[in-house]
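It should be emphasised that the depicted structure is a prediction, and the values quoted were computed from it without experimental measurement.
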There are 2 protein chains.
Amino acid sequence: MPVSGAETSFDAGNETLALDRKDLAILAELTTNARASHTELANKVGLSSTALARRQKALEDEGYIQAYQAALDLAQFGLTTTVLVRIALESQSDEALKAFEAEVVKCPSVVRCFLMSGTDDYILIVLARDIQDFERIHRTELSRLPRVARVQSSFALREIVNRAVPTVVFGEKR
Amino acid sequence: MPVSGAETSFDAGNETLALDRKDLAILAELTTNARASHTELANKVGLSSTALARRQKALEDEGYIQAYQAALDLAQFGLTTTVLVRIALESQSDEALKAFEAEVVKCPSVVRCFLMSGTDDYILIVLARDIQDFERIHRTELSRLPRVARVQSSFALREIVNRAVPTVVFGEKR
DNA sequence: TCAAGATGCGCGTTGGAGTCCCGAAGGAGA
DNA sequence: TCTCCTTCGGGACTCCAACGCGCATCTTGA
């Protein structure tokens, strides 16, 4: 169900995606101001508030918008240190993977965890207050993970890019 | 400036942080429902809407809440492939770093970029539609970055954890 | 005991959200 | 070419709830 006059469309998975530039403008704006009112958004996008409300609701119903969430300034909580952790398991058996994954989701300092191809290990992104704090995390969270053969940590000195959404999303249609 | 009766406090950088469990409950809830109304939040946290509004505004003014943003379902846009890219430069001179960083921020498919310690290289997180699409990104975005000596890519087979905020944040105070 | 700050209640105002209806634009089909 | 039909946009209206203010009360800490 196209949200508006389908211009061109491309295949996304098994569904046909058809968003025009106004839909993308709505999404781009909501990515910045999730609490914007209908009228406010309507002015920025160039629609009436009625038309905008319809489109926004459609975007929500069709799942393009998953949620509205507040972005916290983690530095204000002292979490200024990002660590990339590479973890190799003793075995790549299904049971070992499951056991590891069941525990890693409980680690409170882990924000991302990927199972990687090739070397068949995991990459974690961990947030810590500082290096000493990471030592504690390593001791109390990471070293207690099951089936781990090797843990290798590297610290991020600086973050150059941090986007929630790749800019390519907002430029696909015109 | 404490938001409420300071219970205990800990040092965050150079600022003193004093959030009680109600502040943390507000933040936790807003992390999920950024569009929740004052009354709605007040009920969940156990405050009157007036008190809640004051605390929320304080949290915004003091920078704990950076923004309210819509979370898009990137899979709906076909971006189902996450790639970790490790890039080493020809030189670690300041000029080389600056030149590289000035270009990497322009890459539309890059969502994260860290300068890493130890090996002195960069780690990028790239979102692609599929492997073929990553080949295109590699060709049109990554290989055009300046001063690059080596590019090494590994694909994420699965994402086990994806949190915006480490759960540790909401459990620090009581 | 006193002062400062935080809470909660009640109020009035405002602004947003939702509904209904109509008009315009574009396609399909005879 | 004409007409029907679908779809989207926009205006007007109503209703409800959110927001913000002021004041009295309570708690906390010095």
Practice prompt. Can you tell me the distance, in whole Å, between the CD atom of Gln56(A) and the C1' atom of dG9(D)?
Written response: 17 Å
Worksheet entry | Spacing of Lys22(B) atom NZ relative to dT27(D) atom P, expressed in whole Å | 12 Å
Practice prompt. Check the pair Ile87(B), Phe100(B) against side chain to side chain contact (heavy atoms under 4.5 Å, CB included), reporting the backbone distance first and the verdict last.
Written response: CA-CA 10 Å; Ile87(B) 292 184; Phe100(B) 175 82; 3.9 Å; yes
Worksheet item: Does the cation-pi check pass for Arg35(A) over Tyr68(B), that is, NZ or CZ under 6.0 Å from the six-membered ring centre and within 45° of its axis?
Response: yes
Discussion item. Testing the 3.5 Å rule here: is there a donor-acceptor pair between the side chains of Tyr64(A) and Gln56(A)?
Written reply: no
Practice prompt. Specify the separation, in whole Å, of atom CG of Asp23(A) and atom C1' of dC8(D).
Written response: 12 Å
Worksheet entry | Nucleotide dC9(C), atom C1' - distance to CG of Leu52(B) in whole Å | 16 Å
Worksheet item: When the distance from CG of Asp20(B) to C1' of dG29(D) is rounded to whole Å, what number comes out?
Response: 16 Å
Discussion item. Rounded to whole Å, please give me the gap between CG in Leu19(B) and C1' in dA6(C).
Written reply: 15 Å
Discussion item. Between Lys98(B) and Glu95(B) (salt bridge meaning N to carboxylate O under 4.0 Å), is one present in this structure?
Written reply: no
Worksheet, complete the sentence: From CG of Leu41(B) across to C1' of dG8(C) the rounded distance in Å is 17 Å
Discussion item. Protein within reach of the bases, or only the backbone? For nucleotides 13-22 of chain C, mark each nucleotide 5' to 3' as B, S or -, using heavy atoms under 4.0 Å.
Written reply: ---SSSBB--
Item to complete: Answer yes when Arg55(B) and Asp20(B) have at least one side-chain N-carboxylate O distance shorter than 4.0 Å, and no when they do not.
Response: yes
Discussion item. Whether the Ser109(A) and Glu141(A) side chains hold a donor-acceptor pair (N or O, under 3.5 Å, no angle test) is what I'd like checked.
Written reply: yes
Worksheet item: Atom CG of Leu47(B) to atom P of dA6(C): distance rounded to whole Å?
Response: 12 Å
